[in-house]
Amino acid sequence: MMPETILELSDVTLTRDSKNLLDNINFKVRSGENWIILGPNGCGKTSLIRIASLFEHPSSGNVSVLGNTLGNSDIRKIRHLVGFTGHGISQLLRPDLETEAVVMTAKYGALEPWWNTYTNEDRSKANAHLEAVGVRQLAKQKFGNLSSGEKQRVLLARSLMSDPELLLLDEPASGLDLPGREELINSLSALASDSLAPPIVMVTHHVEEIPSGFSHILFMKNGSSMTSGSITETLNADNLSNCFDINLEIRNLNGRWSAQAKTN
């Protein structure tokens, strides 16, 4: 049974070269919540998501994932339950791999299909995840021939292959053109509305990239948590302007957000 608290960071600090990349962060994700982590470049968003994904240890503080405390649990036993898509993963995958194989390899956390044996059931499951994110037709195409947007949706399908109980996305729309971004965001909106999908935590620095259906937001600034709460109550012009140190106005149209600088 999935625990009520999926992810919890308590008083987490990360220090590198005598500088605090994260400073006393407290962050909790509960079952049924989908979170946005928003803030400017260099504010610590990626450091936080790397700690949450168990790729990085904090300098101090406590990290609990799916009821397992980092340092007191065998993390290898739960790592497959945390789906992660971040910078550089696509570069690690051989470009002549079929898209279907790219997704299947995530079952064992592998980069090459010949490292393990896969069944017809695994193949069907990979195709089901590709269909769920709208790229089933690309299953037999070479991964390296896909557009950037298509690759990101394939990596999203890949992150679901191990049946994760938490999904972490580090700027998944970074570098995408407008059609690619919108296709990815539509896939994420559909995933967020699926009652069987795991809680999602997504890092971004653009409100335009927030999919509809996400419930909560954490504003980060200078390595610290500025404020957090439900998107409907917390995502507003004052908090956004304070976070980015610029006078902004914000709009919501059909569940999607946009922001621009005030002209007066």
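Position 1 is the first residue of the sequence, and the numbers go up from there. Everything quoted here is computed from the prediction, not taken from an experiment.
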Shortest non-hydrogen contact between C43 and K45, atoms and distance: SG-CG, 3.2 Å
Set of side-chain contact (heavy atoms from CB on, under 4.5 Å) partners for E208, sequence neighbours left out: R181, H206, S258, A259
Lys NZ or Arg CZ of R158 over F84 ring: under 6.0 Å, within 45°: no
Steps toward side-chain hydrogen bond (donor to acceptor under 3.5 Å, both in side chains) verdict (S64, E8): CA-CA 5 Å; S64 176; E8 184 169 12; 5.6 Å; no
Over 12 foreign heavy atoms within 6.0 Å of CG, D245: yes
Contacts of N236 that satisfy side-chain contact (heavy atoms from CB on, under 4.5 Å) - sequence neighbours left out: D238, N239
Partner of P172 by side chain to side chain contact (heavy atoms under 4.5 Å, CB included), out of Q152, E209, R153: Q152
For H216, ring pair (Phe, Tyr, Trp, His ring centres under 6.0 Å) partners two or more places apart: W35
Residues forming a ring pair (Phe, Tyr, Trp, His ring centres under 6.0 Å) with Y118, sequence neighbours excluded: Y108
Pairs of donor and acceptor atoms involving the side chains of residues 223-233, under 3.5 Å and at least two apart or interchain, shall be tabulated with distances.
from: S230; atom 1: OG; to: T232; atom 2: OG1; distance (Å): 3.4
from: S230; atom 1: OG; to: E233; atom 2: N; distance (Å): 3.4

Residues forming a side-chain contact (heavy atoms from CB on, under 4.5 Å) with S59, sequence neighbours excluded: L14, T15, R16
Co-membership, hydrophobic cluster, residues L92 and V103, 4.5 Å side-chain: yes
Closest heavy-atom pair and its distance - P198, P164: CB-O, 3.4 Å
